[in-house]
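Numbers here simply count residues along the sequence, with the first being 1. Order of listing sets the numbers, starting from 1, for every ligand and every atom in it.
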Amino acid sequence: MLTPSFLLLSLFVAGGFGKLYDNAADLPGFKYDFVIVGGGTAGNVLANRLTENPKVSVLLLEAGVSNQGILPSEVPFRLSELFAPSVWNWNYTSTPQTGLLQRTLAVGRAHFLGGCSGHNGMAFTRGAAAEFDHYAQLTGDQGWSWNNLYPYFLKSEKWSPPADGHDTTGQFNPAVHGKSGPISVSLNGYQYPEFSSKVIATTKQSPNDWPFNLDMNSGKPLGVSYLQSSIGNGERSTSATGYLAAQYIQRSNLHVLVNSQVSKLVNSTQKSGKLSFGGVQFQSGNKLYTAQAQKEIILSAGVIGSVQVLQNSGVGPKATLAAAGVPTLLDLPSVGQNVTEHPTFFIVWSVNSTDTQEKVTKNATAFAEAQAQWNTSRTGPFVTSPLGTHVGFKRLPANSSAFAAHGDPQPNPSVPHLEFIFIPGGQLSSTIVLPANATNFMSIAVSLRAPISRGSININSNDPFAHPLIDVGLLKEESDVLALKDATAMALNFAAQPAWKGYIEQLITTGLDDATIETTIRSIASQSFHISGSNQMSPIGASYGVVDPDFRVKGVSGLSVIDVSTLPLITAAHTQAVTYVFAERGADLIKKRWNC
Ligand SMILES: Cc1cc2nc3c(=O)[nH]c(=O)nc-3n(C[C@H](O)[C@H](O)[C@H](O)COP(=O)(O)OP(=O)(O)OC[C@H]3O[C@@H](n4cnc5c(N)ncnc54)[C@H](O)[C@@H]3O)c2cc1C
Ligand SMILES: *[C@@H]1O[C@H](CO)[C@@H](O)[C@H](O)[C@H]1NC(C)=O
Ligand SMILES: *[C@@H]1O[C@H](CO)[C@@H](O)[C@H](O)[C@H]1NC(C)=O
Ligand SMILES: *[C@@H]1O[C@H](CO)[C@@H](O)[C@H](O)[C@H]1NC(C)=O
Ligand SMILES: *[C@@H]1O[C@H](CO)[C@@H](O)[C@H](O)[C@H]1NC(C)=O
Ligand SMILES: *[C@@H]1O[C@H](CO)[C@@H](O)[C@H](O)[C@H]1NC(C)=O
Ligand SMILES: *[C@@H]1O[C@H](CO)[C@@H](O)[C@H](O)[C@H]1NC(C)=O
Ligand SMILES: *[C@@H]1O[C@H](CO)[C@@H](O)[C@H](O)[C@H]1NC(C)=O
Ligand SMILES: *[C@@H]1O[C@H](CO)[C@@H](O)[C@H](O)[C@H]1NC(C)=O
């Protein structure tokens with residue numbers, strides 16, 4: 001048996017880590033200026049930025065384990081190994097989805113330092129400038145406009161060369177990227193030249209439908225761009241490897257405690273007519289402890305965790321809390337509502353090529369060689385995300401039947417409704433069965449980035465450690481299925497361009513004809529893992545929403561939520577870039593209000 005202090009020492013020696021505590025009994029104290037709940041994508045940004053001032057003390061509580069030595073997290077290509085139930089995963093299951101023929105989904109959420117930035121697909125997309133201008137309108141706060149957020153996009157990012165050192169001219173726009181932030185972002189460092197050149201040829205053969213876009217992160221995402229990923233040096237870049245790198249985690253004013261799940265907020269009082277919590281209760285080594293925040297408690301436990309802590313603490317919809325046996329301290333009806341997720345499915349083809357991801361995924365010798373190559377030189381097929389080579393953002397056609405019931409959900413014609421991800425392989429979809437008589441595949445991931453459907457997250461027990469009910473709400477609204485029907489036609493149009501003749505052999509995803517497509521979509525659609533909005537930001541004084549535009553929980557003093565749960569509306573993009581930016585601006589707002 002290793003003692004906690006021995007563990008601490010060995011981590012320090014092995015990983016260059018500073019003060020990473022494994023057990024609350026080893027903490028020097030329980031009083032801090034700020035207590036941050038959740039060492040995930042957003043939480044680590046806050047821990048870093050708030051401790052830039054050596055006078056400010058921070059305790060960061062993470063339920064999961066340390067991120068050190070989790071090989072499938074470090075090796076970009078191996079991320080899907082993190083999805084099976086393990087100590088690295090919260091093992092959540094959704095409620096039966098009414099829009100998906102009552103299927104349940106394994107809702108992936110990471111259970112280690114770095115949170116979902118440590119097991120996500122690494123695709124790095126900001127969204128459209130007009131979406132953030134819409135945020136400013138939705139929240140009544142100009143601070144959320146594209147121009148005002150742009151410096152934060154740059155601040156969090158470190159544009160990095162690809163692992164293969166290829167010439168990246170014409171593959172991105174250097175002018176729109178940050179150079180010295182904590183999160184490395186790069187173009188793919190391993191190529192599938194045959195596939196990639198066919199994607200680019202398609203943009204030339206069909207420039208009206210599939211125009212080439214030099215850089216989807218310029219604020220104008222429409223078109224087909226080279227994939228950018230949170231990868232540097234052939235390794236995954238996460239909020240833990242970036243914002244908690246050795247020089248930050250070693251700060252004496254920052255204490256990071258892993259294996260410590262927060263149960264609820266305690267020691268409630270009324271402060272000038274507002275509810276206030278004096279303490280954060282958490283479990284460590286089978287014991288309950290309480291830490292105090294002298295300035296503020298910050299919930300960064302993610303789209304599920306932050307809701308659960310609020311509801312466990314008596315802040316949420318009164319009827320939900322009453323049914324779960326939790327006394328209501330503040331009836332805040334929006335906590336856990338308006339949950340939004342992007343439905344995605346895969347169209348897969350078998351192809352006449354051996355240069356696809358299957359050359360490593362289906363060949364144990366090649367797989368071991370790729371790992372050895374990654375180990376020795378951080379090059380080869382394992383340095384890229386399995387997500388593919390390019391992404392395409394598209395609008396639905398103006399006459400789409402998807403708009404009949406609710407109109408166009410997007411604020412402006414520069415904002416996409418759909419994303420297509422082009423993948424030289426067939427392994428990513430869990431709902432498409434690959435035939436045994438073919439060896440190599442390609443896929444297009446088809447995703448609706450402007451869904452109308454909404455779900456919810458609600459506790460149904462007063463055991464603070466029980467899983468809540470998670471309804472991701474996929475395809476509840478018929479219009480979302482109609483949108484995906486149009487999207488399917490677009491993806492098939494892409495693959496019908498001359499570039500793919502002689503390459504594509506056979507369509508593997510069947511049932512896409514008019515008569516069956518709706519049932520097919522409901523049978524094969526799944527998550528994008530972008531769930532957000534469960535603690536929605538809304539204007540000061542609004543009758544709905546959970547946090548004000550400065551992240552303060554409405555009706556509570558000294559409590560903020562800062563993570564992807566606070567998005568006023570889901571972005572038409574992957575959600576990690578916006579999470580980093582919300583956390584960066586959140587840190588500045590907190591520094592300003594405490595003058596620290
Ligand atoms: C499988 C998957 C693939 C994805 N792919 C992409 C992609 O390719 N590109 C992209 O941009 N986005 C992607 N995303 C989405 C993106 O990663 C998330 O939206 C984002 O990371 C969320 O950040 P967060 O800070 O809100 O939450 P998280 O990063 O989940 O952080 C929450 C942290 O809080 C901890 N926690 C929870 N409850 C408690 C508690 N009670 N006490 C203490 N700690 C607690 C958790 O363990 C976790 O570490 C993906 C997500 C997943 C899951
Ligand atoms: C998830 O399930 C696995 C396998 O059952 C288990 O070992 C692991 O501890 C679970 N994760 C959590 C966070 O409880
Ligand atoms: C805070 O609440 C915890 C848990 O309920 C309790 O043990 C502790 O005594 C309280 N502390 C104060 C100062 O009231
Ligand atoms: C959900 O969000 C919309 C605005 O997008 C708002 O009008 C509505 O009241 C919210 N619902 C809840 C339950 O908070
Ligand atoms: C598997 O990979 C090894 C090593 O790269 C290679 O020599 C072998 O030909 C491959 N096998 C098949 C069936 O492609
Ligand atoms: C690569 O390195 C990891 C971690 O150090 C090790 O576990 C693994 O065995 C190595 N694999 C190969 C093929 O060298
Ligand atoms: C939408 O318009 C296009 C031409 O722009 C036409 O081909 C298509 O049939 C129309 N679709 C519907 C549903 O009206
Ligand atoms: C593979 O098998 C399917 C039937 O399962 C058949 O339709 C298809 O033509 C076969 N493909 C090849 C390449 O042999
Ligand atoms: C597969 O591609 C090769 C050339 O790369 C070609 O000779 C062959 O005809 C193709 N096969 C089919 C079935 O298209």
Legend entry - Tyr544 to Pro539 - nearest heavy-atom pair and separation: OH-CD, 4.0 Å

Inset, instruction - Give, for atom CD1 of Ile36 and atom OG of Ser560, the distance between the pair rounded to the nearest 0.5 Å. - result: 10.5 Å

Inset, instruction - Evaluate whether atom NZ of Lys264 has more than 12 neighbouring non-hydrogen atoms of other residues, nucleotides or ligands under 6.0 angstrom away. - result: no

Inset, instruction - Could you tell me whether a side-chain N or O of Asn312 sits under 3.5 Å from a main-chain N or O of Ser263, the two making a donor and an acceptor? - result: yes

Legend entry - Close N or O approach (Asn91, ligand 2; < 3.5 Å): yes

Inset, instruction - Looking only at non-hydrogen atoms, find the nearest pair between Gln311 and Leu321 and report the distance. - result: O-CD2, 3.5 Å

Inset, instruction - Give the residue and atom name of whichever protein heavy atom lies nearest to atom 9 (O) of ligand 5, and the separation in Å to one decimal. - result: Asn363 ND2, 4.8 Å

Inset, instruction - Check each atom of ligand 4 against the heavy atoms of Gln536 and keep those under 4.0 Å away; list them by number with element. - result: 1 (C), 2 (O), 4 (C), 5 (O), 10 (C)

Inset, instruction - Distance to 0.1 Å, residue and atom name: give those for the protein heavy atom nearest to atom 4 (C) of ligand 2. - result: Pro85 CB, 4.0 Å

Inset, instruction - Below 4.0 angstrom from a heavy atom of Asn89, which ligand 2 atoms are there? Numbered from 1 as shown, please. - result: 11 (N), 12 (C), 13 (C)

Inset, instruction - State whether the shortest distance between N or O atoms of Asn338 and N or O atoms of ligand 4 falls below 3.5 angstrom. - result: yes

Inset, instruction - Would you mind running through ligand 4 and noting each atom that sits below 4.0 Å from a heavy atom of Gln337? - result: 13 (C)

Inset, instruction - Before signing off on this row, confirm whether His111 and ligand 2 have an N or O atom pair separated by under 3.5 Å. - result: no

Inset, instruction - Ignoring hydrogens, tell whether any protein atom lies closer than 4.0 Å to atom 11 (N) of ligand 5; use the non-hydrogen atoms only. - result: yes

Inset, instruction - Using distance alone, decide if ligand 4 has a nitrogen or oxygen within less than 3.5 Å of any nitrogen or oxygen in Tyr544. - result: no

Legend entry - No-hydrogen, no-angle side-chain donor-acceptor test under 3.5 Å, Gln410 and His134: no

Inset, instruction - Could you please spell out the steps behind the side chain to side chain donor-acceptor pair (under 3.5 Å) verdict for Lys554 and Ser334? - result: CA-CA 10 Å; Lys554 291 171 188 287; Ser334 297; over 6 Å; no

Legend entry - Ring-ring centroid check His119 Phe529, cutoff 6.0 Å: no

Inset, instruction - Just need the protein heavy atom nearest to atom 5 (O) of ligand 5, so name the residue and atom and give the distance. - result: Glu369 OE1, 3.1 Å

Legend entry - Which residue and heavy atom of the protein sit nearest atom 14 (O) of ligand 4, plus the separation: Ser334 OG, 2.6 Å

